Student: 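This is the structure I want to talk about, given as structure tokens.
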Amino acid sequence: MSDIRHFLTLKDFSPAELHALIGHAVRLKQKARRGELYQPLKNRTLAMIFEKASTRTRVSFETGMTQLGGHALFLSPNDTQLGRGEPIEDAARVISRMVDLVMIRTFQQAMIECFAQHSRVPVINALTDLYHPCQLLADIMTWVEQRGDPAGRTVAWVGDGNNMCHSWMNAAVLFGFQLNVACPAGYEPDAGIQATAGDAVMCFQDPMDAVAGVDVVVTDTWASMGQEDEKKVRMPAFRDYQVTAAMMQRADPEALFMHCLPAYRGMEVAAEVIDGPQSVVWDEAENRLHAQKALLEILLLGFPDQRQEA
Ligand code: CP
Ligand code: NVA
């Protein structure tokens with residue numbers, strides 16, 4: 001079991017591996033654009049366990065497996081024994097004897113770690129309360145396509161110190177860029193995760209200071225999945241943290257606007273920003289497909305340049 005590679009956080013890959021993965025994703029996108037059939041995962045199955053809602057993640061993983069010649073299986077807790085209290089360890093042992101890969105979207109990071117410990121096949125984090133590493137693969141791919149290597153650049157995170165913010169912190173270390181973080185008091189990122197990012201992350205109280213001269217401005221919903229009951233309390237606390245046109249004007253003139261989606265116009269972002277010329281949100285969403293195809297292929301078959309031809 002020790003040889004299996006999981007993708008539970010971005011840190012499961014080295015910087016060189018992440019660059020190679022993104023390079024492969026760009027090649028897969030070009031192949032798809034040319035209409036080239038590429039099916040290295042024929043007869044392979046991905047189990048997709050969703051304990052939270054999803055549009056992009058489900059559609060991109062399921063379509064990605066189909067395009068790679070394989071099959072994806074949607075499993076919800078409502079219809080499986082996981083929802084009736086079957087131990088995670090047992091579910092991991094059983095499911096991983098039947099499928100080739102497992103993708104999980106859930107609440108606790110500890111759940112996917114436990115599943116991975118008892119799995120015979122690679123496990124992918126498709127969002128937990130702590131991280132969303134698959135989204136960062138697509139976001140960095142989009143940045144690379146639009147502007148080249150992120151190394152030495154600066155990103156401003158404006159809004160909630162949530163799972164996306166944590167994965168951007170990991171990305172800052174791994175891709176060598178600076179992350180300016182501006183969150184309302186009480187909604188800062190996890191201090192332990194921030195500590196692992198060291199100097200790569202700088203905190204600001206005023207979002208207008210955080211965005212000054214940056215290359216990318218990124219935000220996310222003010223109330224993540226599982227926090228629906230907190231909406232009333234959160235809205236007033238976040239009022240000054242909407243990404244506005246005035247904020248984008250403080251950033252570099254070439255700055256990109258990013259958002260993992262789903263977005264709430266008039267809340268965390270003004271409509272004129274997300275629907276404006278600096279926004280690359282639709283490319284980020286499309287790149288989930290290409291980046292995850294690269295991830296699936298690499299987890300099962302290894303990196304293309306290190307593969308032993310059969
Ligand atoms: N960005 C993202 O993960 O979207 P979904 O929740 O729709 O999967
Ligand atoms: N922070 C959001 C991301 C959704 C893709 C959430 O966890 O709901």
Side-chain angles (χ1 to χ4, degrees), residues 7-10 25 46-65 72 74-77 103-112 124-143 155 157-171 179 181-184 187-190 193 216-231 234-235 237-238 241-243 256-265 267-269 274 279-293 295-296:
F7 187 63
L8 306 185
T9 79
L10 219 49
L46 167 73
M48 306 191 299
I49 300 174
F50 278 99
E51 298 190 333
K52 290 179 175 175
S54 166
T55 297
R56 279 143 289 269
T57 304
R58 179 176 177 185
V59 174
S60 54
F61 269 111
E62 195 162 334
T63 306
M65 276 307 281
F74 176 78
L75 301 170
S76 105
M103 181 235 83
I104 306 176
R105 168 168 285 196
T106 189
F107 295 85
Q108 303 285 326
Q109 184 76 9
M111 184 276 192
I112 60 165
I124 297 169
N125 179 355
L127 183 146
T128 62
D129 290 347
L130 276 193
Y131 296 110
H132 195 3
C134 290
Q135 182 69 48
L136 260 292
L137 296 179
D139 292 354
I140 302 296
M141 176 182 173
T142 306
W143 191 2
V155 178
W157 174 272
V158 178
D160 192 16
N162 63 10
N163 45 8
M164 278 299 303
C165 177
H166 295 154
S167 282
W168 271 99
M169 286 182 174
N170 287 350
L179 184 70
V181 171
C183 307
Y187 298 98
E188 295 92 350
D190 179 273
I193 296 172
V216 176
V217 178
V218 57
T219 190
D220 185 15
T221 180
W222 290 340
S224 286
M225 289 180 276
Q227 298 170 337
E228 288 78 5
D229 294 349
E230 296 176 33
K231 269 188 185 163
R234 283 176 167 253
M235 294 311 133
F238 280 82
Y241 290 78
Q242 181 183 105
V243 177
L256 302 173
F257 171 75
M258 290 197 179
H259 191 310
C260 64
L261 307 177
Y264 301 87
R265 289 167 176 79
M267 307 291 263
E268 75 271 12
V269 60
I274 192 167
S279 172
V280 290
V281 298
W282 313 123
D283 293 313
E284 289 176 80
E286 179 190 333
N287 284 339
R288 294 292 304 277
L289 171 66
H290 309 297
Q292 288 159 200
K293 280 171 71 181
L295 174 67
L296 292 163

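Just follow the structure's listing: the first ligand is 1, and inside any ligand the first atom is 1. The structure presented is a predicted model; accordingly, all values stated were derived computationally and were not measured. The figures here come from the full heavy-atom set of this structure, side chains too, leaving out hydrogens, waters and symmetry mates.
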Student: Please answer whether the main-chain N or O of T128 pairs with a side-chain N or O of R105 as donor and acceptor at a distance below 3.5 Å.
Tutor: no

Student: May I ask you to check if ligand 1 and L261 share an N or O to N or O distance below 3.5 Å?
Tutor: yes

Student: Check ligand 1 against T55 and write out every atom of the ligand that is under 4.0 Å from a heavy-atom position of the residue.
Tutor: 5 (P), 7 (O), 8 (O)

Student: What residue among R288, R56, Q292 forms side chain to side chain donor-acceptor pair (under 3.5 Å) with Q135?
Tutor: R288

Student: Between the protein and ligand 2, are there any N or O atom pairs that come within less than 3.5 Å of each other, and if so, what are their names and distances?
Tutor:
from: ligand 2; atom 1: 1 (N); to: N162; atom 2: ND2; distance (Å): 3.3
from: ligand 2; atom 1: 1 (N); to: N163; atom 2: OD1; distance (Å): 2.8
from: ligand 2; atom 1: 1 (N); to: D220; atom 2: OD2; distance (Å): 2.6
from: ligand 2; atom 1: 1 (N); to: S224; atom 2: OG; distance (Å): 2.7
from: ligand 2; atom 1: 7 (O); to: N163; atom 2: ND2; distance (Å): 2.8
from: ligand 2; atom 1: 7 (O); to: S224; atom 2: OG; distance (Å): 3.4
from: ligand 2; atom 1: 8 (O); to: M225; atom 2: N; distance (Å): 2.8

Student: Identify the two heavy atoms, one from C165 and one from D160, that lie closest to each other, and give their separation to 0.1 Å.
Tutor: CB-O, 3.8 Å

Student: Taking side chain to side chain donor-acceptor pair (under 3.5 Å) as the test, write out the residues that go with N163, two or more places apart.
Tutor: none

Student: Starting from atom 2 (C) of ligand 1, locate the nearest protein heavy atom and write down its residue, its atom name and how far away it is, to 0.1 Å.
Tutor: R288 NH1, 3.3 Å

Student: Show the nearest heavy-atom pair for residues E51 and F107, with the distance to one decimal.
Tutor: O-CE1, 3.5 Å

Student: Can you tell me the protein heavy atom closest to atom 4 (O) of ligand 1 and the distance?
Tutor: R56 NE, 2.8 Å

Student: Is it true that atom CD of E230 has more than 12 heavy atoms of other residues, nucleotides or ligands lying nearer than 6.0 Å?
Tutor: yes

Student: I need the M65 CE to M103 CE distance, nearest 0.5 Å.
Tutor: 12.0 Å

Student: Donor-acceptor check, side chain of S167 to backbone of Y131, threshold 3.5 angstrom: yes or no?
Tutor: no

Student: Side chain or backbone, does L127 bring an N or O within less than 3.5 Å of an N or O on ligand 1?
Tutor: no

Student: Heavy-atom distance to atom 6 (O) of ligand 1: which of M225, R58, R105, K52 wins?
Tutor: R105

Student: Looking at F50, I'd like to know if the NZ or CZ of R58 sits under 6.0 Å from its six-membered ring centre while staying within 45 degrees of the ring's axis.
Tutor: no

